[in-house]
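See below for the structure under consideration.
Atoms within each ligand, like the ligands themselves, are counted from 1 in listed order. Source: prediction; values computed, not measured.
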Amino acid sequence: MTRVAILGGGPGGYESALVAAQLGADVTLVERDGPGGACVLTDCVPSKTLIATSTRMAVLSESVSLGVRFSGGSDGEVGGPEVDLPLVNKRVKELAWAQSADIESRVADEGVRIIRGAGRLVDPQIVAVGDERIHADVVLIATGATPRVLPGAEPDGERILNWRQLYDLPELPEDLIVVGSGVTGAEFAGAYLALGSRVTLVSSRDHVLPNEDEDAARVLEEVFQRRGMNLLARSRAAGVKRTADGVEVTLTDGRTVTGSHCLMTVGMEPNTRGMGLEEAGVRLDERGFVQVDKVSRTSAPHVYAAGDCTGILMLASVAAMQGRIAMWHALGEAVQPLKLGWVAANIFTDPEVATVGVSQAQIDSGEVPARIVKLPLSTNPRAKMQGFLDGFVKIFCRPATGIVLGGVIVAPRASELILGLSIAVQQHLTVDQVAHTFAVYPSVSGSITEAARRLMQESAY
Ligand SMILES: Cc1cc2nc3c(=O)[nH]c(=O)nc-3n(C[C@H](O)[C@H](O)[C@H](O)COP(=O)(O)OP(=O)(O)OC[C@H]3O[C@@H](n4cnc5c(N)ncnc54)[C@H](O)[C@@H]3O)c2cc1C
């Protein structure tokens with residue numbers, strides 16, 4: 001029986017444990033904090049649970065235009081929804097630990113042995129946890145990553161925070177400064193704005209979401225500003241310090257911004273140091289990420305790696321797929337190498353931004369020849385009825401054949417809508433095939449088939 005040892009119990013680790021156990025291996029999973037990993041306990045699951053509340057708040061706040069009236073306001077003012085942050089945080093933490101417990105029993109049911117503790121390699125085929133030694137034929141490193149700390153802006157857990165400390169806040173920040181306008185910064189800035197905080201988003205670049213679809217970033221910026229967010233572009237934070245009653249962020253050009261709290265979202269660092277990896281022959285890049293190939297092999301024989309510690313594409317779905325591929329490969333199953341071009345991703349802002357396949361930047365640079373159609377949500381009947389007018393559906397296809405290459409959807413619940421395009425990309429469907437597919441009337445997904453029809457018409461000329 002092949003012995004498999006896995007370091008880290010996030011999606012990269014526990015999904016591989018399930019695959020390896022189902023393939024008949026003897027599997028040991030070593031996890032420091034709790035099954036499910038940072039994904040379930042501090043990052044993805046908690047943030048999406050918080051966002052479930054903030055999205056509900058945004059819907060309620062904007063429902064006045066649909067004829068909903070709130071009563072119960074004081075001094076002649078109309079009442080509105082209010083958030084009970086301790087209750088929200090309690091729900092977030094309980095849900096995360098319940099999810100972790102579900103994963104633990106699922107993994108244990110498959111016969112995986114779980115060891116609580118921090119593991120390290122003493123040899124490419126020996127894992128140590130305290131005094132215990134686990135001898136393995138195959139080792140998988142899936143130890144994830146940790147929030148990066150900007151020197152001079154060290155979190156104190158009270159006023160200067162990383163996102164893992166947010167769920168201990170006793171009350172809603174009155175005046176939140178979010179440093180960093182990537183996916184994590186944009187999601188939390190939008191969420192706390194909807195929950196009722198005043199929010200300033202400090203971005204070192206020209207726009208929010210600098211690495212995402214430009215049209216999508218523009219829509220979000222407009223929505224954020226319309227809802228009252230203070231956006232500071234081309235503003236790089238140099239340091240953050242506590243004041244008597246809050247925080248002061250100093251920018252590199254000398255300006256200062258004051259608020260009640262500051263949330264730092266300036267990236268992640270891999271959990272790979274001090275674990276004996278390099279000594280065992282596992283090559284790290286200059287930032288400390290484990291170098292892997294498309295079947296998750298590292299430079300050390302029998303040692304694989306998956307997930308955020310590889311820095312490939314920091315998503316739970318990618319971590320899980322890298323881990324499964326590693327186990328299929330190690331245990332002699334047929335395996336398809338990781339294809340990043342097929343990854344569907346979503347930014348959980350309001351509206352959401354979902355993408356799959358090639359990007360418009362690749363098309364604009366000439367790297368990928370493609371035709372593009374973009375339909376604004378304001379032309380979609382269902383969106384009009386629901387009062388959601390910010391967003392669009394955009395599809396890219398090959399010029400001659402009409403094969404769908406990718407797309408972007410900016411809409412409420414875009415994460416649920418992208419599947420249709422994802423299937424089209426992975427199965428090499430043409431815009432004709434998508435156009436001939438029934439969509440419900442009225443529905444936002446009707447804009448996907450409508451966009452495909454427009455691309456079909458274009459190819460007829
Ligand atoms: C705020 C936020 C929101 C996110 N939202 C989403 C989302 O909506 N969708 C999505 O797809 N992705 C999301 N992500 C990304 C996602 O959380 C990560 O890509 C995912 O957690 C990576 O999984 P992993 O298994 O590599 O690592 P992790 O989930 O980080 O798990 C690694 C585990 O290994 C443990 N560990 C570390 N060192 C050791 C050791 N020496 N021995 C034993 N155990 C060890 C750690 O304690 C941790 O529990 C989000 C990330 C953040 C920061």
Side-chain angles (χ1 to χ4, degrees), residues 5-17 28-52 92 96 99-100 103-104 114-122 127-130 132 134 139-148 161-167 178 180 182-189 191 263-277 289-290 292 296 305-324 326 343-349 352-355 414-415:
I6 298 170
L7 281 185
Y14 77 77
E15 286 288 343
S16 353
T28 304
L29 178 69
V30 182
E31 166 53 46
R32 196 182 57 191
D33 299 333
C39 176
V40 169
L41 295 173
T42 54
D43 294 355
C44 176
V45 170
S47 67
K48 263 76 266 185
T49 310
L50 178 89
I51 286 169
V92 167
Q99 178 85 353
S100 172
I103 291 168
E104 180 158 14
I114 301 175
I115 298 180
R116 289 292 177 96
R120 63 195 158 78
L121 286 189
V122 289
V127 169
V129 189
E132 186 168 354
I134 304 152
V139 171
L140 177 85
I141 313 293
T143 46
T146 306
R148 187 168 82 83
L161 307 151
N162 66 38
W163 59 83
R164 294 181 178 173
Q165 298 164 330
L166 284 172
Y167 309 106
V178 178
V183 174
T184 302
E187 286 188 353
F188 281 116
L263 170 64
M264 300 299 298
T265 64
V266 290
M268 304 277 278
E269 278 174 0
N271 298 327
T272 52
R273 304 288 186 198
M275 288 168 44
L277 296 183
F289 290 103
V290 181
V292 285
S296 311
D308 284 3
C309 69
T310 68
I312 296 281
L313 186 53
M314 289 189 168
L315 287 175
S317 52
V318 173
M321 187 56 81
Q322 282 181 291
R324 290 186 206 112
V343 175
N346 192 63
I347 303 168
F348 289 82
T349 41
E352 295 180 359
V353 177
T355 50
S415 50

(request) Locate the shortest heavy-atom distance separating V290 from A305; write the atom from each residue and the value. (result) CG1-CB, 3.7 Å
(request) Taking T42 for its side chain and A38 for its backbone only, find out whether a donor-acceptor pair lies under 3.5 Å. (result) yes
(message) Geometry only, no angles: is L7 polar-contacting ligand 1 at N/O separations under 3.5 Å?
(response) no
(message) I need the atoms of ligand 1 closer than 4.0 Å to a non-hydrogen atom of A142, numbered in the order shown.
(response) 32 (C), 34 (O)
(request) Please state which part of K48 comes within less than 4.0 Å of ligand 1, counting heavy atoms only: side chain, backbone, both or neither. (result) side chain
(message) Is there a polar contact, in the sense of an N or O pair closer than 3.5 Å, between T184 and ligand 1?
(response) no
(request) Check whether any side-chain heavy atom of R164 lies under 4.5 Å from a side-chain heavy atom of P147, and answer yes or no. (result) yes
(request) For atom 27 (O) of ligand 1, grab the closest protein heavy atom and report residue, atom and distance to one decimal in Å. (result) G144 CA, 3.4 Å
(request) Please answer whether the main-chain N or O of T265 pairs with a side-chain N or O of T184 as donor and acceptor at a distance below 3.5 Å. (result) no
(request) Please write down residue, atom name and distance for the protein heavy atom closest to atom 29 (O) of ligand 1. (result) C39 N, 3.0 Å
(request) Among all protein heavy atoms, pick out the one at the shortest distance from atom 30 (O) of ligand 1; state its residue, atom name and that distance to 0.1 Å. (result) A38 CB, 3.2 Å
(request) Under 4.0 Å from a heavy atom of F348: give me the atoms of ligand 1 that qualify, with their elements. (result) 8 (O)
(request) Would you tell me which option among G267, G119, G9 has the nearest heavy-atom contact to atom 41 (N) of ligand 1? (result) G119
(request) Please report which non-hydrogen protein atom sits nearest to atom 39 (C) of ligand 1, along with the residue it belongs to and the distance in Å to one decimal place. (result) T143 CG2, 3.5 Å
(message) Between M268 and D308, does the side-chain contact (heavy atoms from CB on, under 4.5 Å) criterion hold? Intermediate values first, please.
(response) CA-CA 9 Å; M268 304 277 278; D308 284 3; 4.0 Å; yes
(request) Around atom 15 (C) of ligand 1, find the nearest protein heavy atom and jot down its residue, atom name and distance. (result) M314 O, 3.5 Å
(request) List every atom of ligand 1 that sits less than 4.0 Å from any heavy atom of A319, numbering the atoms from 1 in the order shown and giving each element. (result) 22 (C), 23 (O), 26 (O)
(message) Heavy-atom pairs closer than 4.0 Å: do any link ligand 1 to the side chain of C44, the backbone, both, or neither?
(response) both
(message) I want to know if ligand 1 touches A118 in the polar sense, i.e. an N/O pair below 3.5 angstrom.
(response) no
(message) Please report whether ligand 1 has a polar contact with R32, defined as an N or O pair separated by less than 3.5 Å (distance criterion only).
(response) yes
(message) I'd like to check E104 versus I114 (side-chain heavy atoms, cut-off strictly below 4.5 Å). Are they in contact?
(response) yes
(request) Could you walk me through whether I141 and M275 pass the side-chain contact (heavy atoms from CB on, under 4.5 Å) test, one step at a time? (result) CA-CA 10 Å; I141 313 293; M275 288 168 44; 4.3 Å; yes
(request) Please identify which atoms of ligand 1 are closer than 4.0 Å to at least one heavy atom of G307. (result) 26 (O)
(message) Under a 4.0 angstrom heavy-atom cut-off, which atoms of ligand 1 come close to S47?
(response) 3 (C)
(message) Would E31 count as being in polar contact with ligand 1, using the rule that some N or O on each side must be under 3.5 angstrom apart?
(response) yes
(request) Report yes if some heavy atom in the side chain of V45 is under 4.5 Å from a heavy atom in the side chain of L41; otherwise report no. (result) no
(request) Report yes if some N/O of G12 lies less than 3.5 Å from some N/O of ligand 1; otherwise report no. (result) yes
(request) Report the nearest protein non-hydrogen atom to atom 51 (C) of ligand 1: residue, atom name, distance rounded to 0.1 Å. (result) D43 CB, 3.8 Å
(message) Which residue and atom name correspond to the protein heavy atom nearest atom 34 (O) of ligand 1, and how close is it?
(response) G8 CA, 3.3 Å
(request) Output yes when a side-chain donor or acceptor of T143 lies under 3.5 Å from a complementary backbone atom of G8, and no otherwise. (result) no
(message) Distance under 4.0 Å to a non-hydrogen atom of D308: what atoms of ligand 1 satisfy this?
(response) 18 (C), 19 (O), 20 (C), 22 (C), 26 (O)
(message) Less than 4.0 angstrom from a charged side-chain N to a carboxylate O is my criterion; do E269 and R148 meet it?
(response) no
(request) Could you tell me the residue and atom name of the protein heavy atom closest to atom 23 (O) of ligand 1, and the distance to it rounded to 0.1 Å? (result) P11 CD, 3.3 Å
(message) With a 4.0 Å cut-off on heavy atoms, is P147 in contact with ligand 1?
(response) no
(request) With side-chain contact (heavy atoms from CB on, under 4.5 Å) as the test, would you mind laying out the steps for L140 and L7 before giving the verdict? (result) CA-CA 6 Å; L140 177 85; L7 281 185; over 6 Å; no
(request) For residues A142 and G13, report the shortest heavy-atom separation together with the two atoms involved. (result) CB-N, 3.7 Å
(request) May I ask you to check whether A316 has an N/O atom sitting below 3.5 Å from an N/O atom of ligand 1? (result) yes
(message) Please tell me whether S415 and E352 have a donor and an acceptor in their side chains that are separated by less than 3.5 angstrom.
(response) yes
(request) Return yes or no for this condition: an N or O of D33 is under 3.5 Å from an N or O of ligand 1. (result) yes
(message) Looking at Y167 and L50, would you say the former's side chain and the latter's main chain have a donor-acceptor pair under 3.5 Å?
(response) no
(message) Does any part of the side chain of W163, heavy atoms only, come nearer than 4.5 Å to the side chain of D43, both counted from C-beta?
(response) yes
(request) Below 4.0 angstrom from a heavy atom of G117, which ligand 1 atoms are there? Numbered from 1 as shown, please. (result) 42 (N), 43 (C)
(request) Kindly indicate whether the side chain of L29, heavy atoms from C-beta on, has any atom under 4.5 Å from the side chain of I115. (result) no
